[in-house]
There are 2 protein chains.
Amino acid sequence: MSVDDRAPARQGGRPRAFEEVLARIEERIAADGLTVGDRLPGERQLAEQLNVGRSSVREALRVLETLGVVSSQAGRGPDAGAVLTSRPAGALAGLLRLHLGLATLSLREVVDLRLMVEQWSAEHAARSGEGLAEMAAALAGMDAATGPGEFVAHDVAFHLAIAAASGNRLIVAIMEAVRGAVHRYAVDAVARLGGTSGLQADHRRIHAAIGAGDAPGAAAAIAAHLARVYPPGDVPGE
Amino acid sequence: MSVDDRAPARQGGRPRAFEEVLARIEERIAADGLTVGDRLPGERQLAEQLNVGRSSVREALRVLETLGVVSSQAGRGPDAGAVLTSRPAGALAGLLRLHLGLATLSLREVVDLRLMVEQWSAEHAARSGEGLAEMAAALAGMDAATGPGEFVAHDVAFHLAIAAASGNRLIVAIMEAVRGAVHRYAVDAVARLGGTSGLQADHRRIHAAIGAGDAPGAAAAIAAHLARVYPPGDVPGE
DNA sequence: GACCAAATATGGTCAGACCATACATCGCGG
DNA sequence: CCGCGATGTATGGTCTGACCATATTTGGTC
């Protein structure tokens with residue numbers, strides 16, 4: 001019951017050139033106090049500074065891009081080159097997608113994480129009292145939706161508003177990634193349930209509990225909602 | 001209160017070559033039913049099959065490696081080349097480390113995630129009743145530890161045993177990554193507390209509650225333990 | 001001042017070469 | 001026949017240099 005450990009990472013030979021580049025870029029970020037929006041030197045310049053080939057620099061930048069820390073744009077000007085960014089959700093989404101594809105993770109495990117994060121978010125949103133307007137807007141959007149796809153889009157906005165109200169950016173990123181991973185399942189579930197009135201009743205209960213500052217009530221409402229969407233034993237990949 | 005969105009990902013120009021390679025490799029994994037331990041074709045062979053340069057293939061493989069899905073080994077033989085693996089924890093750890101370095105995430109946000117995951121794990125461990133022997137071994141290791149570093153190593157083993165007992169590999173990976181991110185803080189905290197008797201008392205309460213199948217008790221014991229380690233207002237980066 | 005053309009800096013990509021590594025194979029000696 | 005070392009070879013790792021695509025900057029022209 002642990003993650004499979006075959007092919008146990010790289011053994012400790014010499015570090016690869018791009019790993020050295022990675023470490024140097026991290027040092028530089030820390031030392032220079034770089035933050036989101038700042039630019040890294042160009043690929044050719046970094047290669048010369050670090051005495052490596054440009055391809056090694058590019059591999060390091062690709063890693064940073066995968067982790068949602070830089071974003072590269074060609075061309076010239078202040079926004080070109082490798083710019084520091086903060087998009088952890090993309091990395092998490094890719095991770096879930098690939099490991100689900102490898103059957104290294106089951107949808108059930110992802111759904112467990114979703115329940116955990118949603119309950120926590122709802123409790124904290126109830127205590128902060130923020131984001132109620134965004135949630136209301138999403139509720140209206142779901143009421144007006146004409147198909148499962150549109151409904152789910154507003155549903156995602158509703159749940160992300162709750163996560164954002166919790167005040168924790170990491171939780172928001174996890175929620176984004178999880179919703180991306182279960183998106184197809186969500187659309188199917190809406191179609192399968194034959195209607196959205198039950199879901200909307202759940203949503204309104206959640207919204208009311210958060211608005212009333214009732215943290216336990218919000219958590220319970222979330223649990224009931226997710227139990228409807230993911231009936232026990234009905235999640236593929238168990 | 002959301003993740004910063006400056007430099008908003010790549011706009012929708014032509015996809016880059018390595019992205020196409022990535023998509024093709026994913027397709028191939030799904031179509032051929034590849035799983036952990038299987039080998040991908042060599043870089044030169046993939047490049048020829050997909051009509052791209054070898055550097056594009058390498059960038060795609062670097063992304064997959066970053067996400068913990070492949071592991072590359074030079075040389076010859078069955079374990080050489082790009083082998084499918086499953087090491088999501090490394091990717092998560094890198095993500096936390098880099099975003100903490102960028103001050104895009106605060107330690108408080110990571111600690112929130114830790115509390116969430118630990119409580120959930122303890123509840124589920126109490127219901128499954130597994131892993132008690134591993135937890136006991138870690139307790140003994142902490143008793144025998146001679147310094148903060150050694151103590152924390154066994155402490156990590158204790159908490160990972162709880163996560164593993166929950167039966168959710170994604171949770172295990174998150175726990176691993178979170179512990180990696182807060183490792184330095186944990187060692188400092190042990191030194192600062194001036195002794196480990198309080199921590200061990202917490203651990204034994206947690207262990208007893210899990211052994212007794214007392215899920216709420218286990219969750220409460222975890223919460224009390226983490227409140228001791230992370231006193232409110234005392235976590236850097238708030 | 002407005003506008004268009006050329007220069008330029010940047011990432012994106014490819015081709016080819018060479019190195020380091022580690023298994024596979026072969027051949028020799030016992 | 002077995003053991004073992006030398007050689008072969010396939011693999012990833014790295015560098016170089018070239019060229020393309022793109023977008024800004026620059027500067028000239030009206």
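As the structure is a prediction and not an experimental result, all values here were calculated from the model. Every chain is numbered from 1 and lettered A, B, ... according to where its sequence line falls, protein lines coming before strand lines. Computation of the quantities below employed the complete heavy-atom set of this structure, encompassing side-chain atoms and omitting hydrogens, waters and symmetry-equivalent molecules.
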Legend entry - Sugar-phosphate only, base, or nothing, as touched by A:Ala17 at under 4.0 Å among non-hydrogen atoms: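 The residue A:Ala17 makes sugar-phosphate contact but no base contact.
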
Legend entry - Ionic contact status for A:Arg16 with A:Glu20, cut-off 4.0 Å: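 Not counted as a salt bridge, because no side-chain N and carboxylate O are separated by less than 4.0 Å.
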
Inset, instruction - Indicate yes or no: does B:Arg62 engage B:Glu59 in a salt bridge with an N to O separation below 4.0 Å. - result: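 Answer for the salt bridge query: no.
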
Legend entry - Residue-level proximity of residues 46-59 of chain A to DNA chain C when a heavy atom falls under 4.0 Å: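 Contacts with DNA chain C under 4.0 Å: A:Arg54, A:Arg58.
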
Separation of atom [atom1] in [X] from atom [atom2] in [N], rounded to whole Å:
| X | N | atom1 | atom2 | answer |
| --- | --- | --- | --- | --- |
| B:Arg76 | C:dA22 | CZ | P | 14 Å |
| B:Glu65 | D:dG13 | CD | C1' | 12 Å |
| B:Phe18 | C:dG11 | CZ | C1' | 12 Å |
| B:Arg14 | D:dC20 | CZ | P | 15 Å |
| A:Glu43 | D:dG17 | CD | P | 17 Å |
| A:Gln73 | D:dT24 | CD | C1' | 13 Å |
| B:Leu40 | D:dA10 | CG | C1' | 16 Å |

Inset, instruction - Determine whether any donor atom in the side chain of A:Arg44 lies under 3.5 Å from an acceptor atom in the base of C:dG11, or the reverse, and answer yes or no. - result: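 Side chain to base: pair found, below 3.5 Å.
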
Inset, instruction - Taking the side chain as every heavy atom from C-beta outward, state whether A:Val21 and A:Ile25 have any pair of such atoms under 4.5 Å apart. - result: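 Contact flag for A:Val21/A:Ile25 side chains = yes.
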
Inset, instruction - State, with a plain yes or no, whether a side-chain heavy atom of A:Leu107 is found less than 4.5 Å away from one of A:Tyr185. - result: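 When only atoms from C-beta onward are counted, A:Tyr185 and A:Leu107 do touch, with a gap below 4.5 Å.
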
Inset, instruction - Answer yes if the ring centres of A:His154 and A:His203 are under 6.0 angstrom apart, and no otherwise. - result: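 Centroid separation for A:His154 and A:His203: 6.0 Å or greater.
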
Inset, instruction - Could you pull out all residues at least two apart from A:Ala153 that satisfy side-chain contact (heavy atoms from CB on, under 4.5 Å)? - result: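 Checked A:Ala153 against side-chain contact (heavy atoms from CB on, under 4.5 Å); zero matches.
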
Inset, instruction - Could you list the residues that satisfy side-chain contact (heavy atoms from CB on, under 4.5 Å) with B:Val190, not counting sequence neighbours? - result: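 Applying side-chain contact (heavy atoms from CB on, under 4.5 Å) to B:Val190 gives B:Pro148, B:Phe151, B:Val152, B:Thr196, B:Leu199.
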
Legend entry - Candidate nucleotides C:dT13, D:dG13, C:dT10, ranked by approach to the side chain of A:Arg39 - the nearest: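 The answer is C:dT10, which lies nearest to the side chain.
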
Inset, instruction - Verify the contact: side-chain N or O of B:Arg16 to OP1 or OP2 of D:dA21, cut-off strictly under 4.0 Å; return yes or no. - result: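 False: B:Arg16 side-chain N/O out of range (4.0 Å or more) of D:dA21 OP1/OP2.
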
